[in-house]
Amino acid sequence: MLLVILAVFVLLLTLWDVFITVFSTQGAGPLSYRWGKWIWAGLLHVHRRRPIHRVLSLAGPFVLLSSILLWYCLIGLALLLIFSVQPDSVVHGSSNAPASLETRYYFINTTLSGLGYGDWVPSAFPWTLLATMGTLAGTVVLTVSLSYVLSVVSAAIDRKKLAQSVFGMGASVTQVIDNARLSDLRDSLKNHFLNTAGEIDHQRLKHLAYPILAYFHATSVDFSPARAVLLLADACFVLQVAAPDHRAPVGVLQVANSSIHNFAQLHASGATVEQDPDCPAPLLAAAVKQGAAINSEEFKQALANYLPCRARLLALCRADGWQVG
């Protein structure tokens, strides 16, 4: 009875994890979430002592494939426990000799893979029904896993596309502002700016549906969406506090800031949110270059409103394996 209860528990927990991870838009299941979190936390711990960007870039694919392998192993464990309840649950096809533990393990593997019964078969009902259900479970997990892998890989490519959209305007706050030229409506990248804001919202929704995307590390900063959104957020802040003749249209900034604030609400696994007490020197220098009155109450209030959001973006960058000042 204890074996049956344990087997049912393991099987239901695994199927629930598969269902939440693949079909739900609320994130990964309890097993997949903890599995990926532990692996990523360990790699980040090493990375902070000695940078291992290339190793981190393999973490996402490894967590993805190992999660699928974990599902198969747990389903196989549940079936092995069930078929261990009675010694004669699995017998030899010709001699009817009961299977040993190693032979049961072989039988479970062939059942899950859908290869069919070979020399070892289930003895009678209900073992035949349980074996059929095991084959069905293995087939379903294989099918949904393939669709899940394709969706995650596509979303990982979109992460790089988002980063390139931002870094394509410049590698610094000053370059982004000068190249975007949002204050000049006749010669600006306003449409590109708004499209990038839409891509940020789209990427945020994909991160909520596929939390495993947080483990797809880019070896180059130009492909890091967290760094890209931080750069765009700093540029929007400077454009907001700049001199009137350098400021961007209010509507454009409102749309961009809304997308940035939504992205900043993503959970930064493995990083703490620490707010800087003062404005970082590079950001302050960019604001001064755009004619911002840094001693005015308007600037101080805008900075106080922006720093909490920036702190969360910095935490996302650290969680992505990038240290930013």
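All heavy atoms count here, side chains included; hydrogens, waters and symmetry mates do not.
- S145 and W71 are not linked by any side-chain donor-acceptor pair at a separation below 3.5 angstrom, with hydrogens and angles left out of the test.
- Checked by atom type and distance alone, the side chain of H192 pairs as donor or acceptor with a backbone atom of S165 at under 3.5 Å.
- Taking CG from L239 and CG from N257, the interatomic distance works out to 9.5 Å, rounded to the nearest 0.5 Å.
- At least one side-chain heavy atom of T103 sits under 4.5 Å from a side-chain heavy atom of S100.
- In summary, the aromatic rings of H53 and W322 are positioned with their centroids under 6.0 Å apart.
- To the nearest 0.5 angstrom, I20 atom CD1 is 11.5 Å from L31 atom CG.
- Interatomic distance, CG of L65 versus CG of L70, reported as 12.5 Å (0.5 Å rounding).
- The pair E298-R247 meets the salt-bridge criterion, since a charged nitrogen lies less than 4.0 angstrom from a carboxylate oxygen.
- The ring-ring contact (aromatic ring centres under 6.0 Å, His included) test applied to F125 returns no partner, not counting sequence neighbours.
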- Message: Walk me through whether L231 and R227 qualify under side-chain contact (heavy atoms from CB on, under 4.5 Å).
- Response: CA-CA 6 Å; L231 174 61; R227 286 287 302 269; over 6 Å; no
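- A ring pair (Phe, Tyr, Trp, His ring centres under 6.0 Å) check over residues 295-317, counting only residues at least two apart or in different chains, returns the pairs F237-F299, F237-Y306.
- Contact check on D234 versus R310 returns a salt bridge, with a Lys/Arg side-chain nitrogen under 4.0 Å from an Asp/Glu carboxylate oxygen.
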